[in-house]
Amino acid sequence: MSTEAAAETPAFRYTAELAGRIEKRWQQYWEDNGTFHAPNPVGPLSTGEPVPADKLFVQDMFPYPSGAGLHVGHPLGFIGTDVFARYHRMNGRNVLHTMGFDAFGLPAEQYAVQTGQHPRKTTEDNMATYLRQIRRLGLGHDERRRISTIDVEYYKWTQWIFLQIFNSWYDADAGKARPIAELEAQFADGSRPTPDGRPWAGLTSAEQRKVLNEYRLAYLSEAPVNWCPGLGTVLANEEVTADGRSERGNFPVFRRNLRQWMMRITAYSDRLIDDLDRLDWPEKVKAMQRNWIGRSNGARVRFPVGDQEIEVFTTRPDTLFGATYVVLAPEHALVDVIATAEQAADIAAYRRAASLKSELDRQENKEKTGVFTGAHATNPATGERIPVYIADYVLMGYGTGAIMAVPGQDQRDWDFATAYDLPVIRTVQPSEGFDGEAFTGDGPAINSGFLDGMGVTEAKSTMIAWLEEKGFGQGTVQYKLRDWLFSRQRYWGEPFPIVYDEDGTPIPLPEEMLPVELPEVDDYSPRTFEPEDANSEPSPPLSRATDWTEVELDLGEGRKKYRRDFNTMPNWAGSCWYQLRYVDPTESDRFVNAENEQYWLGPRTAEHGAGDPGGVDLYIGGVEHAVLHLLYSRFWQKVLFDLGQVSGDEPYRKLFNQGYIQAYAFQDARETYVPADEVVEENGKFFFNGEEVKREYGKMGKSLKNVVTPDEMCENYGADTFRMYEMSMGPMDVSRPWATKDVVGAQRFLQRLWRNLVDENTGELRVVEDAAPEESLRLLHKTIAGVHDDFVNLRYNTAGAKLIELNNHVTKAYSATGTPRVLAEAMVLMLAPLGPHVAEELWAKLGHDRSLAHGPFPKADEKYLVEDSVEYPIQVNGKVRARITVPAAAGQDEVKAAALAEEKIAELVAGGTPRKVIVVPGRLVNIVL
RNA sequence: GCCCCCGUAGCCCAACCGGCAGAGGCAGCGGACUCAAAAUCCGUCCAGUGUCAGUUCGACUCUGACCGGGGGCACCA
């Protein structure tokens, strides 16, 4: 661009450069005036004045401040929440919207390992970059409420919540968590017997501790865990992929017995499932949680084996008469007890082979294998002796680790029975023409004694009643959900507020000893191993900080030596409760002040109905957290609720999953990615430097050479244009491809709107005080009504389209004369949630000396929404043949008469009588001949 | 293999409870301005809704089957 050409651009045209100046100025104004400060009812963030009853808490999923910075996909949700927040703020609600950082985590630690730079330094640098980038977008955050999980003041309370959980047990009778002291009281007064029957007072304090530890919601377990040598840490089930690898880094994961912290999330299985019904969440996410918790109803049945018993779990107790053998998981404890000597060698070999198989092998190879134990069990229904096998298609970790095999009704059992030549007895009559193997459908029971003729449902309940009466078993509910593995062998996480005495008994630190700060160390890395080295032992970095791990404390027994916990909490801990801290980030006596918590997060039955669980009013984020974060967070909230610490039992009332912005990437002949912005399209083919390249569609990423950053968009178009474009690409929940060339459409719109209000050459206002004609007012009020509806329902794309439509009308009607003020002001206000900076600028130019952030927002006037006449299309046999205009007040008969009187229609009907005439009021007329 | 979501113009997307397929944007085309080009402005072309059936006076919308794309689960008894 030559300097001459630049000089021709009118001085007051809304260019990227002018937009940039306006944006910086308003960002400064908002900051200086605390425009987005949301007052709390009480405490340091209250103004002393009463707060409006009408509040709104909008939250984005906690970002992790990665070193790569943002690409244009990241802010989609952030802008979405901002538009929503701004719209509601303008409509008079007290809106809490802020953003902090989920700042503990692996990348900073890995970077620290490579460079020796402290993870805190890396993380803080990244946060600074991140804040600069989001500030440039004009997000209306209450900056006083920014928090970061690595702040000592924050993780002090994360540790405090851990102690709350540790100091609780789940009272199944009451259906809720209670303080462990209440359990201790029950033991002490004898209302609950101790495990071995001795009086409580007769136990040593170490023994008492051991007993209580069995009940705690946070407990140490020696159970098999997911050990990932490649990462040097253990992982939660949720962090392991279906093919037995780590979600992060894709390393193999092995089952190992290790002493680790667990959270008793399984105690909440039913509530976590049932309360989903009270949440305004996408069905998809609810389904994923239900599936993950995996509740199934069935029965436990005991099969006698000599003087022993094998207990199995089945969802099909109705098929008991068809159980022709029993299978134990290879690891099952009874195997050694019941197996005969002759089989011992085969069993040992099979078990060895099974233990060497990775999860992946087990899944890939679905051929059924197993070994006979030599033992026989008795089928309690038939009294028959049936063989007992071990086989690795039965998993130790689910149910009782043992099954009754009913090959007639279960395909897996059928496969095994076929391979080992075991008998098959059908107990459900297959449907007519069934030619499959196992029949899993419904049908009348056969070969089943007293069940014969019953359908599956009736047979199930009848069998359960019979089992319970005879003492062979009982109905039960089984879950897939397991307890949450809660420790990691990492440096960059929250230390546990726990020390161990000389016996290795965990002892909680008292509240006044919090926070337990992370020590400085020389080496941030856990020892990692060959990814395949299943026998390696975790060696956390904190174990080497000996002057920290070994402490002398007075915990009520005088000064004694204790050892700290070497582990840190998983990344999820900090994000389990951050909505509570956003509410009261500066409260120092409590994790959140109760009154503030109730105001922002408490249930509001008047507004949301009787079952309202409370929680954040709108929570936006990606669907990738459907099971991990969202399940953990709900669990913590419920524990805190049970303990009376918070007023609502769900953290997020309404959840919305935004779609992803995706992008095209291009590979040349050597499958190397080439810079996407230098690829040109010709006749549907793509070329880079004249060479044809292959196009693929997917993520945006550095290695794919297709990253577009919000910074360059703001630089080239301005933040308002960028926001406008992102919001108009489609509905919030749909993924779509990024197209930089389309951004100019949003820019043109803002430019036109600006030009309708401001003289591009002089900068003077081009607004007239004349009244607007009725036609314009009708369109205006229709737009206002539509835009309200769109903003409330997160349909920003259609809200934007309506504003463009109105602006196009204004351009056409008033570009010669100047825009009537009533139109100009309404347009600016309606634009404000989407393009806040330019709207503020225009609002000020229109003579207002206060920011429009708190309104007003235009209200639609009903009288312009009702039309006095309506145009009806007239269909004949479903095809539009003519149009008539009738008064809006016309009744159906009048419309019908007018339609039949219409010239073309009269011709088509031609004297005959229509079979039927359908008049849809306000819509159309259809004449059926 | 099972479950869920989505297929509308060259592209991104509208169409509310079954009622005129098009609101908006990009690209294209024509024009205005310009010595010319860019920018800007004005105008305009373009699909019958993935396919096949069904229900209906009427289907993008409801039902069934199939095709294509995306996601979740996957030896959970």
Side-chain angles (χ1 to χ4, degrees), chain A residues 1-2 5-6 8-10 13 15 242-243 282-285 287-288 291-292 294 296 298 312-316 319 327 362-363 365-366 368 391-395 397-406 409-413 415-416 478-480 623-624 626-627 659-660 662 681 684 697 724-725 728-731 733-746 748-749 751-752 755 760 786 789 793 795 797-805 807-808 811-812 815 871-880 883 914-929:
Chain A
M1 192 190 284
S2 73
E8 284 166 17
T9 305
R13 171 164 293 172
T15 58
D243 52 358
E283 269 313 311
K284 181 191 163 102
V285 175
M288 284 166 71
N291 194 290
W292 186 260
S296 48
V312 305
F313 172 71
T314 177
T315 55
R316 294 293 303 275
T319 64
V327 187
R362 272 199 175 196
Q363 278 171 27
N365 185 4
K366 296 205 173 168
K368 298 286 178 292
D392 67 1
Y393 82 94
V394 174
L395 308 175
Y398 184 74
T400 59
I403 63 156
M404 62 180 216
V406 188
Q409 268 73 231
D410 184 293
Q411 189 60 42
R412 295 158 299 185
D413 296 342
D415 294 342
F416 189 85
Q478 191 66 46
Y479 305 88
K480 275 199 267 182
V623 72
E624 68 271 18
V627 220
Y660 299 104
Q662 303 198 283
E681 182 181 353
Y697 179 60
M724 189 74 205
Y725 171 65
S728 59
M729 289 170 80
D733 52 352
V734 170
S735 295
R736 54 281 169 66
W738 178 261
T740 299
K741 68 176 175 60
D742 291 2
V743 179
V744 68
R748 282 182 196 146
F749 161 61
Q751 227 164 44
R752 281 171 204 166
R755 194 183 298 118
E760 287 193 328
D789 197 40
N793 294 297
R795 290 192 303 256
N797 54 330
T798 50
K802 289 183 176 82
L803 291 176
I804 293 171
E805 197 180 356
N807 189 52
N808 288 348
T811 306
K812 210 169 279 182
S815 57
E871 190 191 63
Y872 279 87
I874 304 171
Q875 296 183 335
V876 176
N877 289 339
K879 283 200 170 143
V880 180
R883 285 161 200 284
R915 283 201 310 170
K916 205 171 183 183
V917 178
I918 295 137
V919 178
V920 185
R923 293 286 186 181
L924 53 51
V925 181
N926 189 14
I927 296 163
V928 187
L929 293 179

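Predicted, not measured: the structure shown is a model, and the values here were computed from it. Every heavy atom of this structure was used, including side-chain atoms; hydrogens, water molecules and symmetry mates were not. Proteins come first, then strands; the chains are lettered A, B, ... in the order of their sequence lines, and each starts at number 1.
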Could you go over nucleotides 17-21 of chain B and give all protein N or O partners under 3.5 Å, atom names and distances?
{"unit_1": "B:G19", "atom_1": "N2", "unit_2": "A:Asn926", "atom_2": "ND2", "d": "3.4"}
{"unit_1": "B:C20", "atom_1": "O2", "unit_2": "A:Arg883", "atom_2": "NH1", "d": "2.6"}
{"unit_1": "B:C20", "atom_1": "O2", "unit_2": "A:Arg883", "atom_2": "NH2", "d": "2.5"}
{"unit_1": "B:C20", "atom_1": "N3", "unit_2": "A:Arg883", "atom_2": "NH1", "d": "3.0"}

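- For A:Asn807, the side chain to side chain donor-acceptor pair (under 3.5 Å) test picks out A:Asn756, with sequence neighbours left out.
- B:A14 atom P lies 15 Å from atom CG of A:Asp789, rounded to whole Å.
- Residues meeting the salt bridge (charged side-chain N to carboxylate O under 4.0 Å, His left out) test with A:Arg795, sequence neighbours left out: A:Asp789, A:Asp790.
- To the nearest angstrom, P of B:C75 lies 15 Å from CD of A:Gln411.
- Each of A:Gly800 and A:Ser296 was assigned the nucleotide of RNA chain B with the nearest heavy atom; the assignment lying further toward the 5' end belongs to A:Gly800.
- Distance, A:Asn797 CG to B:A23 C1': 11 Å, rounded to whole Å.
- Taking atom P in both B:G30 and B:C45, one finds a spacing of 15 Å when rounded to whole Å.
- Remark: A:Gln662 pairs with A:Tyr660, A:Tyr697, A:Ser735 by the side chain to side chain contact (heavy atoms under 4.5 Å, CB included) rule, at least two apart or across chains.
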When you compare the protein's N or O atoms with those of nucleotides 71-73 of chain B, which come within less than 3.5 Å of each other, and at what distance?
{"unit_1": "B:G71", "atom_1": "O2'", "unit_2": "A:Lys284", "atom_2": "NZ", "d": "3.0"}

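- Applying the Watson-Crick and G-U wobble criteria (two distances, each under 3.5 Å), B:U40 pairs with B:A32.
- The side chain to side chain donor-acceptor pair (under 3.5 Å) check on A:Gln411 picks up A:Asp415, A:Glu437, with sequence neighbours excluded.
- Straight-line distance from the CZ atom of A:Arg795 to the P atom of B:A23: 18 Å, rounded to whole Å.
- Between B:C60 and B:C17, the two P atoms lie 16 Å apart (nearest whole Å).
- Classification of B:G7 as anti follows from a glycosidic angle more than 90° from 0.
- A:Asn926 places no side-chain N or O within 3.5 Å of a backbone atom of A:Ile918 that could act as its donor or acceptor partner.
- For A:Ser815, the side chain to side chain donor-acceptor pair (under 3.5 Å) test picks out no residue, with sequence neighbours left out.
- To the nearest 0.5 Å, atom CD of residue A:Gln875 and atom CZ of residue A:Arg923 are 12.5 Å apart.
- Between A:Asp415 atom CG and B:A77 atom C1' the separation is 14 Å, expressed in whole Å.
- The gap from the C1' atom of B:G71 to that of B:G10 amounts to 28 Å, rounded to the nearest Å.
- Of all nucleotides present, only B:C6 satisfies the Watson-Crick or G-U wobble test against B:G68, with each distance under 3.5 Å.
- Distance noted for atom P between B:G24 and B:U44: 11 Å (whole Å).
- Between A:Tyr697 atom OH and B:G70 atom P the separation is 10 Å, expressed in whole Å.
- Take A:Arg748 and apply the salt bridge (charged side-chain N to carboxylate O under 4.0 Å, His left out) test, not counting sequence neighbours, and it matches no residue.
- Under the Watson-Crick or G-U wobble criterion, with both distances below 3.5 Å, B:G58 has no partner in any strand shown.
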(message) Using a 4.0 Å heavy-atom cut-off to protein, can you give one letter per nucleotide of nucleotides 25-32 of chain B, 5' to 3': B if the base is in contact, S if only the sugar-phosphate is, - if neither?
(response) BSS-----
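- A cation-pi arrangement is absent between A:Lys368 and A:Phe416, since the terminal nitrogen or guanidinium carbon is not both under 6.0 Å from the aromatic centre and inside a 45° cone about the axis.
- Residue A:Phe313 contributes atom CZ, which lies 17 Å from atom P of B:C75 at whole-angstrom precision.
- Under the 90° criterion around 0 for the glycosidic angle, B:C17 counts as syn.
- Atom CG of A:Asn808 sits about 11.0 Å away from atom CG of A:Leu803, to the nearest 0.5 Å.
- Partners of A:Arg736 under the salt bridge (charged side-chain N to carboxylate O under 4.0 Å, His left out) rule, at least two apart in sequence or in another chain, do not exist in this structure.
- Spacing between atom CD of A:Gln662 and atom P of B:G69 amounts to 15 Å, rounded to whole angstrom units.
- If you check B:U63 for Watson-Crick or wobble pairing at under 3.5 angstrom, you find it paired to B:A53.
- Across B:A59 and B:G18, the matching P atoms stand 14 Å from one another, rounded to whole Å.
- For the C1' atoms, the distance from B:U40 to B:U34 is 12 Å, rounded to whole Å.
- A:Ser735 comes within 4.0 angstrom of the backbone, heavy atoms only, and of no base.
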(request) Begin from the C-alpha positions of A:Thr811 and A:Arg755 and carry the test side chain to side chain contact (heavy atoms under 4.5 Å, CB included) through to its verdict. (result) CA-CA 9 Å; A:Thr811 306; A:Arg755 194 183 298 118; over 6 Å; no
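- Here, B:U61 and B:G50 have their P atoms 8 Å apart, quoted to the whole Å.
- The base-pairing partner of B:C73, taking Watson-Crick or G-U wobble contacts with both distances under 3.5 Å, is B:G1.
- Between the C1' atoms of B:C6 and B:C13, the separation comes to 14 Å (whole Å).
- Under the salt bridge (charged side-chain N to carboxylate O under 4.0 Å, His left out) criterion, A:Asp410 pairs with A:Arg412, not counting sequence neighbours.
- Partners of A:Thr740 by side chain to side chain donor-acceptor pair (under 3.5 Å), not counting sequence neighbours, listed by chain and number: A:Trp738.
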